[in-house]
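Here the structure comes first, spelled out in structure tokens, and everything after it is commentary.
Position 1 is the first residue of the sequence; numbering continues from there. Keep in mind that this is a model prediction, so the values were computed, not measured.
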Amino acid sequence: MEILILGAGVIGLTTAYYLTEQGHKVSILDKNPDVGLETSYANGAQLSYSYVAPLAGPGIIGKVPKWLLDPNSPLRFRPSLDPADICWNLRFMKACNATQSDKTTRELLQLSFLSRDLLHTLMDTEKLDIDFQASGKMVLHRSTESFNSAVQLLDFQRQLGCEQFALDTDECIAKEPSLAPLKNQITGGIYTPSEEAADCFKFCQNLKTVLLNRGVEFLFEQEVGLLQNNGLSRVSVMLKNRETLSADHIVVALGCESTALLKPLQINVPVRPLKGYSLTLPIQNDSQAPRINITDFERKVVYARIGKRLRIAGMADLVGMNKSIDPSRIKTLIKEAKAVFPEAGNFAQAEQWAGLRPATPKGKPIIDGTQYKNLWLNIGQGALGFTLATGSGKLLADKINGKNPSIPGEMFNLNNA
């Protein structure tokens, strides 16, 4: 079959990979001049298979007023009267309870563990060069209250297949010596040996080479104007230049841009952009930069070593489709990073970036068909796009082929988002 994928980010590329494995002829369309230039370009780099708990968790609503009053808070919110935004907010608040959070976590863990296995196989098969490292992850806690809460969750996480350990302050520093200057600020940490990191942009570039060798056609600098209902429950793609493209199947993997594109077809997807920021710092003092992935729990900032660079990422700004870099947010991110790893490198040389993460209220992606026989969705992975990419791509490829996936596919249907 001929399959057209809209979007050349990590989700579109992994979907293409598994569709070509199954013998399909695939084309990938993107408005950018190359792959991985949007949200996939400079994300947090952590492959956090065990840390998939959704943002919509118990207690989160109580923190929102404090965050909104703090100009340096990890969350910023711009009020909106758009009915879709209001609906998303209401669904998000409804999902902020322990029952829903636990259910979402269980479902996401199935997808993340599948993704981990598939990524390892893909790297071995295709010999990918993506600055991969598997040194584990440590979530640092500065308050006794937050650390004790994290310890209480260990049994729940272990029941779901996560191997994690609670470390005291000295054990945290023994595991990651670059944290020594923070000794008086660290209460404890949760260490997960199985967590990994890699450069998502390099992953996209490597996959592009693999897909070109498989005969995939890339249609760059082509922007979708609309999806046309052709009758008989099928759609085609009209480009901004009025050219029309048809295929046996069309996959929408356009992240946050998917919402407006699908709306005229009466497909309402609850996907909203959460803007995140990152710095990519050339490491100048090796011993002063972490080798383990670090998450500063209170500050909501993550650190990952990718090759000879340190990726620093954080923030969640609900400000619509604005992709611009806010200097104040970058200033906050630099301030937080300097307070943790001040001698790692020259922060004036760090590459600055902002990207829109496509989030659903429950925190689950939408990997599903639609009421149109040839139209499919692979969107809404949020901040877990890189972590969930291979599993998401394989799951959708299996659905398109009518195969039974290795995990229950209905968990990520549109009506369960």
(message) Please check this pair: side chain of Arg91 against backbone of Ala417, looking for a donor-acceptor N/O pair closer than 3.5 Å.
(response) yes

(request) Indicate whether any N or O donor in one side chain lies under 3.5 Å from an N or O acceptor in the other, for Lys399 and Asn413. (result) yes

(message) Rounded to the nearest 0.5 Å, what separates atom NZ in Lys275 from atom CZ in Arg357?
(response) 11.0 Å

(request) Using the test ring-ring contact (aromatic ring centres under 6.0 Å, His included), find all partners of Phe297 that sit at least two apart in sequence or belong to another chain. (result) His141

(message) Looking only at the side chains, is there a donor atom on one of Gln205 and Asp199 sitting less than 3.5 Å from an acceptor on the other?
(response) no

(message) Can a donor-acceptor pair be found, under 3.5 Å and without considering hydrogens, that links the side chain of Glu176 to the backbone of Ser178?
(response) yes

(message) Do Gln349 and Gln284 pair up side chain to side chain, a donor and an acceptor below 3.5 Å, judged on atom types alone?
(response) yes

(message) Measuring from atom OG1 of Thr387 to atom CD of Gln46, what distance do you get when rounded to the nearest 0.5 angstrom?
(response) 8.0 Å

(message) Does the Lys NZ or Arg CZ of Arg106 fall within the cation-pi geometry relative to Phe156 - under 6.0 Å from the ring centre and within 45° of the axis?
(response) no

Show me the side-chain donor-acceptor pairs of residues 51-61 shorter than 3.5 Å, one per line, residues at least two apart or across chains.
from	atom 1	to	atom 2	distance (Å)
Tyr51	OH	Gln164	NE2	3.3
Tyr51	OH	Thr192	OG1	3.1

(request) Answer yes if the side chains of Asn89 and Arg272 hold a donor-acceptor pair under 3.5 Å, and no otherwise. (result) yes

(request) Evaluate the ring planes of Tyr303 and Phe341, with Trp represented by its six-membered ring, and classify them as parallel (under 30°), tilted (30 to 60°) or perpendicular (over 60°). (result) perpendicular

(request) Give a yes or no answer on whether the side chain of Lys202 reaches the backbone of Leu128 with a donor-acceptor pair at less than 3.5 Å. (result) no

(request) Measure the spacing between CD of Glu195 and OG of Ser50 and express it to the nearest 0.5 Å. (result) 4.0 Å

(request) Check whether any side-chain heavy atom of Leu262 sits under 4.5 Å from a side-chain heavy atom of Thr370, and report yes or no. (result) no

(message) Treating Tyr277 as the side-chain partner and Thr332 as the backbone partner, does any N or O pair qualify as donor plus acceptor under 3.5 Å?
(response) no

(request) Over all heavy atoms of both residues, which pair between Val271 and Gly380 is shortest? Give the atoms and the distance, please. (result) CG2-CA, 4.3 Å

